[in-house]
Amino acid sequence: MNNTKTGAKYSLKTALIHAGNQIDESTGAVNVPIYQTSTFKQDGLGKNRGFEYSRTGNPTRKVLEDLIAELEGGVAGFAFASGMAAITTVLSLYRSGDRILISRNVYGGTFRVLDKVFRNFGIEYSILDSEDPEDLRAAITDDVKAILLESPANPLMSVTDIGAFAKVAHEKGVKVIVDNTFMTPYIQRPIELGADIVVHSGTKYLGGHSDLVAGLAVVNDEETAERLAFLQNATGGVLQPFDSFLLIRGIKTLSVRMDRHVENAKRIAEYLRASEDVSKIFYPGLETDPGHAINSKQARNGGAMLSFELKEGHDLNRFFESLELISLAESLGGVESLVCHPSTMTHASIPEEIRKAVGITDGLIRLSTGIEDVDDIISDLDNAIRKSRI
Ligand SMILES: *Cc1c(COP(=O)(O)O)cnc(C)c1O
């Protein structure tokens, strides 16, 4: 594969497995070794073989970084110890006096780090309470330097037109950062749509097995690449060699996992839509969803995350306790189905008034659809819904 841009030569399904020069040059091993070393022997003063110290660069991490850069179609990739470390390092590109716009329903940890950490350093944020590009235009004051958005955004799966937002943002010299965790480059490629920076929690679909915590960032210009490489080394929240290996391994099977995740999610969404116990369902893969048209324009499909509300007359606690197959847990994107209660779990760090204003009700249930037999998932949901009736 010799470091060619496999994305240009091969389809994305192939690139998932081969991009990033994974064959080890020195031994021919088809999987990159776990270079579990902190430092590298130098051949003389100022002479090294491309690596000096593993915070700055590590061969296993490098393969992962090249892989994600190619999958997202950017110029450089960076791997971090968590999604939040990736987001924090990207936000460190900004300085006191700058303002970051965030879309509503942005990941709770992203809101928290802006509200409780970056504000202490004079970086302000505002929440854009709309998916309308004209509202974005009005919200861009002179101090706004970037907009950070997710589409679909958790937990109401609200869809933003990434291309339309990028157009308005770029007219005003504002960078667009997209958190692509929910979709992955297999389903949606934000840089192609106009984004400048893509961030990921590799903990979710890319890792895919709920067995590691990792983060990634991809940038689309050399200048930002240089600055982010500097910040990655300077602040040091890097991904370890073993975890880099696990994430590379996870990414190889992304297309088959994702196809099954999505197929299952569609079936479950149909089941929930037809259920007399369900009052609302949020899933951009359904034609009736308000985000369906825009999502179909910019993504391969609606992904595998969905949320729903049970009608009055259901005991939510009993619902969660009655599930046998599906676990109540934070996180998402693993092979196993998980449910969570956004208002007390993933979105608890968002103040109640904001939660209520954006529509995250106490009755909302979020499902991360796994790749089990879909009939088993549906019968588990069905059983728990029936038992939750008061
Ligand atoms: C989980 C998640 C993050 C944070 O990633 P960690 O790996 O948990 O630090 C950021 N954004 C989204 C959309 C997520 O789901």
Side-chain angles (χ1 to χ4, degrees), residues 61 64 68 72 77-92 100 102-118 125 127 146-160 162 176-185 187-188 190 195 197-218 232 235-240 243-244 246-247 250-251 258 261 282 284 299 302-307 329-334 338-342 345-350 358 360 366-370:
R61 195 177 90 216
L64 171 65
I68 193 66
E72 288 288 4
F78 301 89
F80 297 92
S82 67
M84 282 320 305
I87 291 167
T88 298
T89 311
V90 165
L91 291 173
S92 305
I100 313 291
I102 50 176
S103 60
R104 64 176 159 183
N105 295 343
V106 83
Y107 178 71
T110 302
F111 171 80
R112 182 173 55 197
V113 79
L114 279 164
D115 188 53
K116 297 283 194 295
V117 181
F118 282 97
Y125 70 89
I127 298 173
I147 172 155
L148 196 163
L149 61 93
E150 294 169 29
S151 183
N154 187 25
L156 300 174
M157 310 307 152
S158 33
V159 172
T160 296
I162 297 172
V176 177
I177 306 166
V178 176
D179 182 334
N180 202 29
T181 300
F182 273 37
M183 293 310 239
T184 81
I187 296 184
Q188 173 171 278
I197 301 178
V198 175
V199 291
H200 279 283
S201 169
T203 313
K204 317 295 169 54
Y205 290 106
L206 294 175
H209 298 75
S210 306
D211 56 6
L212 94 149
V213 172
L216 297 166
V218 176
Q232 183 191 38
T235 60
V238 294
L239 193 63
Q240 294 303 307
D243 292 340
S244 299
L246 276 179
L247 192 46
I251 290 172
M258 227 54 219
H261 279 296
F282 304 92
M305 295 298 302
L306 54 88
S307 296
E330 304 253 359
S331 201
L332 60 110
L338 301 176
V339 281
C340 90
H341 185 227
M345 294 169 72
T346 50
H347 289 65
S349 57
I350 295 175
V358 299
I360 304 171
R366 186 188 80 181
L367 174 73
S368 169
T369 312

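Note that these values count all heavy atoms, side chains included, but never hydrogens, waters or copies made by symmetry. In this chain, numbering begins with 1 at the start of the sequence shown. Whatever order the structure lists them in is the order used to number ligands and atoms, beginning at 1.
Counted by atom type alone, Y125 and D115 present one or more donor-acceptor pairs between their side chains at under 3.5 Å.
Looking at atom 4 (C) of ligand 1, its nearest protein heavy atom turns out to be Y107 CE2, 3.4 Å. Nearest protein heavy-atom contact of atom 15 (O) of ligand 1 is K204 NZ, 2.7 Å. If you check which protein heavy atom lies closest to atom 11 (N) of ligand 1, you get D179 OD2, 2.6 Å. The nearest heavy-atom contact from the protein to atom 9 (O) of ligand 1 is M84 N, 2.9 Å.
Shown in contact with F182 at under 4.0 Å from a heavy atom are these atoms of ligand 1, numbered in order with element: 13 (C), 15 (O). Residue contact check: S82 has heavy atoms under 4.0 Å from atoms 7 (O), 9 (O) of ligand 1. Interface of A214 with ligand 1, defined as ligand atoms under 4.0 Å from a residue heavy atom, comprises 7 (O). With ligand atoms numbered from 1 in the order given, ligand 1 contributes 5 (O), 6 (P), 7 (O), 9 (O) to contacts under 4.0 Å with heavy atoms of G83.
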side-chain contact (heavy atoms from CB on, under 4.5 Å) evaluation trace for V106 with D179: CA-CA 9 Å; V106 83; D179 182 334; over 6 Å; no
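Across all their heavy atoms, F182 and P152 have their closest contact at CD2-O, 4.0 Å. Between T181 and Y205, the closest heavy-atom pair is O-CD1, 3.6 Å. When every heavy atom of L64 is checked against every heavy atom of S244, the shortest pair comes out as CD2-CA, 4.0 Å.
Remark: ligand 1 and T203 share an N or O pair separated by less than 3.5 Å (distance only, no angle test). Checked by distance only, ligand 1 and I87 stay at 3.5 Å or farther apart across all their nitrogen or oxygen atoms. For ligand 1, the polar-atom distance check against E150 finds no nitrogen or oxygen pair separated by under 3.5 Å.
Counting only distance, with no hydrogens or angles, the side chain of Q232 and the backbone of A79 share a donor-acceptor pair below 3.5 Å.
Side chains of P185 and N180 form a contact here, defined as non-hydrogen atoms less than 4.5 Å apart.
Partner of R366 under the side-chain contact (heavy atoms from CB on, under 4.5 Å) criterion, chosen from L306, V339, L332, L338: L332.
Contact annotation: N154 has no heavy atom less than 4.0 Å from any atom of ligand 1.
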